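Comments concern the structure below.
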Number of protein chains: 2
Amino acid sequence: MANIQQIAKRAGVSVATVSRVLNKSTTVSPKTRNKVEVAIKELNYEPSMLGRNLRNSESRLLLVLLPNIANPFYTEIINGIQDTAIARDYNILLCETDSKPERENIYFNMVKNKLADGVISMDPTVNMQKLNELAEHYPVILCSEYEENGDIPYITVDSELAAYQAVKHLIKLGNEKIALITSDEKYLYARLRRAGYERALEEFNIPIREEWIYHTKGLEFQYGVHAMRILLQQEIEPTAVFAISDTLAIGALKAINMEARDQEPIAVVGFDNISFASMTNPTLTTISQPMYTMGCRATEMLLSRIKKEKVENIVLDHELIIRESTML
Amino acid sequence: MANIQQIAKRAGVSVATVSRVLNKSTTVSPKTRNKVEVAIKELNYEPSMLGRNLRNSESRLLLVLLPNIANPFYTEIINGIQDTAIARDYNILLCETDSKPERENIYFNMVKNKLADGVISMDPTVNMQKLNELAEHYPVILCSEYEENGDIPYITVDSELAAYQAVKHLIKLGNEKIALITSDEKYLYARLRRAGYERALEEFNIPIREEWIYHTKGLEFQYGVHAMRILLQQEIEPTAVFAISDTLAIGALKAINMEARDQEPIAVVGFDNISFASMTNPTLTTISQPMYTMGCRATEMLLSRIKKEKVENIVLDHELIIRESTML
DNA sequence: AATCAAATTGTAATCGATTACATTATATAC
DNA sequence: GTATATAATGTAATCGATTACAATTTGATT
């Protein structure tokens with residue numbers, strides 16, 4: 001592949017002029033510009049990003065940190081991030097940490113040594129101390145999961161309110177025996193969603209029963225199945241369930257289906273509105289976050305940060321999507 | 001962030017010596033090495049990849065082309081690619097083309113101008129002509145989807161054989177009225193899977209009925225639902241269905257469930273063994289490709305290519321995973 | 001034709017690393 | 001102590017672009 005010197009030689013001009021043509025500088029005469037463009041075509045030249053980036057000390061690459069790409073919750077957010085980034089001539093690097101600190105380090109180092117211009121973290125398992133350190137010197141945005149009273153700008157939804165509304169929906173349908181499937185409460189979103197669940201129950205004077213609150217070890221489907229099985233073995237069986245994520249809710253549906261019960265159906269509400277939520281049997285009532293928008297706005301925030309501009313935290317609106325799982 | 005000059009100054013040595021320490025050259029005395037390491041610690045130095053990469057003219061970044069990350073088929077392959085890449089000190093850039101040629105161009109250019117060292121394409125919609133051009137000068141590997149008699153090395157499974165076995169399984173269960181849900185046959189894998197379907201039927205002297213072969217417009221769930229609805233409206237209803245992808249098969253299951261039929265259950269077989277295949281109701285019988293392995297091997301092939309080594313095409317073994325959808 | 005401002009183009013430093021080659025320090029042999 | 005081999009370190013070119021500044025060309029004006 002040719003370099004800028006060869007183009008300059010071929011066009012009979014200096015490298016500076018070639019660079020001016022590449023960067024659309026106006027101070028190039030049409031005649032010269034044409035000569036250069038011809039040379040570029042003839043030699044099939046593409047400017048080296050490495051050279052350019054080194055000189056400009058930017059890479060136009062953004063890192064997106066997430067625990068794993070298999071989680072369908074992230075896909076729409078990523079689409080938003082990607083579209084916004086590309087429109088602004090940036091590219092994104094999806095960084096799967098698998099919740100492993102070594103991985104995290106690799107990616108943080110990419111930022112430190114200029115291989116990437118900034119980070120959007122969607123990883124609830126991220127080492128916040130390290131991330132805060134990074135954020136002191138480099139642009140970082142938190143998306144979805146965030147730190148209350150932290151210094152890193154974030155974009156999220158009001159999980160507490162959303163959970164409250166989800167549970168209120170179940171109550172309005174006549175349910176009083178409402179179980180909660182939640183995950184490890186070291187994650188802020190889990191604590192907030194539980195808080196919303198409790199607020200709804202309290203508002204309607206329904207006592208909170210600990211035996212109807214199940215804590216899973218992870219967010220995957222099979223934990224949802226397991227949780228629901230345990231809940232169905234309780235002395236008094238719940239008539240409805242709120243799960244703090246769709247994958248858990250879909251697991252719960254499976255467990256309910258497998259019981260081949262002839263009683264009243266158990267209502268289920270999830271959280272996230274992943275694409276599979278509309279493919280299950282029954283389809284799943286859930287809280288929809290504006291994920292695409294969230295990705296877009298997060299990226300805009302990051303790009304502002306990269307330009308050293310101040311950014312404000314954002315809380316986006318959510319929506320309750322009612323489907324078959326609360327209509328049977 | 002400090003640079004190599006500042007480290008050299010602080011340690012009282014030349015930049016060459018610092019570089020030697022960084023690159024673990026043996027020709028540095030323990031004393032000097034120590035001085036340099038102390039300076040690196042003190043200034044919290046991280047070498048710039050840009051400088052290093054420019055000089056070495058490599059980026060240690062691999063591109064992974066795929067139509068969209070939301071497709072669960074790719075997730076395990078990506079895990080394999082990622083693990084292998086990281087183990088060899090490479091990183092991967094997931095490139096979602098959304099089947100848009102502009103996007104494709106952006107990524108091809110990254111390779112041409114040295115921002116990436118090679119490409120693994122898993123995108124059946126890729127512009128093969130352009131990819132072939134790229135492959136003349138840069139390392140490229142095809143993963144899963146490939147070109148028969150093409151020049152680009154590939155890794156895949158035997159789709160025809162797998163489909164044949166899937167359909168044979170349905171026949172052995174006593175089915176004779178077996179429908180096929182396939183996609184646009186411009187994709188090689190679709191043609192091969194159909195061929196396998198036909199071979200199985202022919203072997204057992206079952207006539208091929210065109211009205212039981214439905215061509216969808218896409219691979220998404222809702223196309224599967226639609227296809228199955230049409231098939232259920234045929235004069236003679238099929239007793240079993242083979243879908244060329246799990247998302248289509250899961251759609252078919254949904255359509256069958258919705259009919260609330262009291263007849264014999266319809267057996268369904270999918271293809272890919274995506275993670276959701278074990279979460280559906282009933283769980284899905286499907287063909288499992290060794291996706292993680294495929295990702296690993298593809299990456300190894302690409303790294304060999306980068307080192308200018310010759311590589312051979314690979315055809316991996318598949319497996320029929322029998323679940324509830326063919327056991328009811 | 002001479003003058004001068006504006007437009008165009010060129011020269012060379014720069015970004016941060018690596019490395020061939022030159023130089024200096026150290027160890028060994030006599 | 002001197003010569004020589006070897007180990008350690010330094011000097012400076014290099015990768016491919018951008019850009020401040022300098023130099024040159026162009027064109028308008030008198």
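Here is how names work: the chains are called A, B, and so on, in the same order as the sequence lines, proteins then strands, and each is numbered from 1. The model shown is predicted, which means the values in this text are computed figures rather than measured ones.
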Note to self: Need one value for B:Asn53: base, sugar-phosphate or nothing, where a base atom within 4.0 Å counts as base even if backbone is also close, heavy atoms only.
What the structure shows: nothing
Note to self: Rounded to whole Å, please give me the gap between CG in A:Asn109 and P in C:dA17.
What the structure shows: 13 Å
Margin query: To the nearest 0.5 Å, what is the distance between OH on A:Tyr74 and CG on A:Asn79?
Written below: 15.0 Å
Notebook entry, point to check: Taking atom P of C:dT8 as reference, at what distance in whole Å does atom CG of A:Asn34 sit?
Noted result: 15 Å
Next item on the list: Look at atom CG of A:Asn313 and say whether more than 12 heavy atoms of other residues, nucleotides or ligands are closer to it than 6.0 Å.
Entry: yes
Item checked: Interatomic distance where CZ belongs to A:Arg60 and P belongs to D:dA17 [whole Å] -> 17 Å
Next item on the list: Rounded off to whole Å, could you give me the NZ-to-P distance for the A:Lys114 and D:dA17 pair?
Entry: 21 Å
Notebook entry, point to check: Given atom CD1 of B:Ile4 and atom P of D:dA12, what is their separation to the nearest angstrom?
Noted result: 17 Å
Notebook entry, point to check: Taking atom CD of B:Glu312 as the centre, does the number of heavy atoms from other residues, nucleotides or ligands within less than 6.0 Å exceed 12?
Noted result: no
Item checked: DNA chain D contacts made by residues 6-20 of chain A, counting heavy atoms under 4.0 Å -> A:Ala16, A:Ser19, A:Arg20
Notebook entry, point to check: Base, sugar-phosphate alone, or nothing: which one does A:Leu50 contact when heavy atoms must sit under 4.0 Å apart?
Noted result: nothing
Check: Just how far, in rounded Å, is C1' of C:dA17 from CZ of A:Arg52?
Finding: 20 Å
Checklist line | Whole-Å gap separating C1' (D:dT25) and NZ (A:Lys31) | finding: 10 Å
Check: So which nucleotide from C:dT9, D:dT14, D:dA17 ends up closest to the side chain of B:Arg55?
Finding: D:dT14
Note to self: Among C:dT18, D:dT18, C:dT9, which nucleotide has an atom closest to any side-chain atom of B:Asn56?
What the structure shows: C:dT18
Next item on the list: Tell me what B:Thr27 touches on the nucleic acid: a base, only sugar-phosphate, or nothing, going by heavy atoms under 4.0 Å.
Entry: base
Notebook entry, point to check: So, the side chain of B:Asn105 versus the backbone of B:Phe108: is there a donor-acceptor pair under 3.5 Å, distance only?
Noted result: no
Margin query: For the CG atom on A:Asn132, are there more than 12 heavy atoms of other groups (residues, nucleotides or ligands in this structure) within a distance under 6.0 Å?
Written below: yes
Note to self: Given A:Met122, which partner from the list A:Leu142, A:Ile77, A:Leu65, A:Ile141 fulfils the side-chain contact (heavy atoms from CB on, under 4.5 Å) test?
What the structure shows: A:Ile77
Check: Counting distance only, does the side-chain N/O of B:Asn23 pair as donor-acceptor with the main-chain N or O of B:Ser19 below 3.5 Å?
Finding: yes
Next item on the list: Could you tell me the separation between the CG atom of A:Leu22 and the C1' atom of D:dG16, rounded to a whole number of Å?
Entry: 11 Å
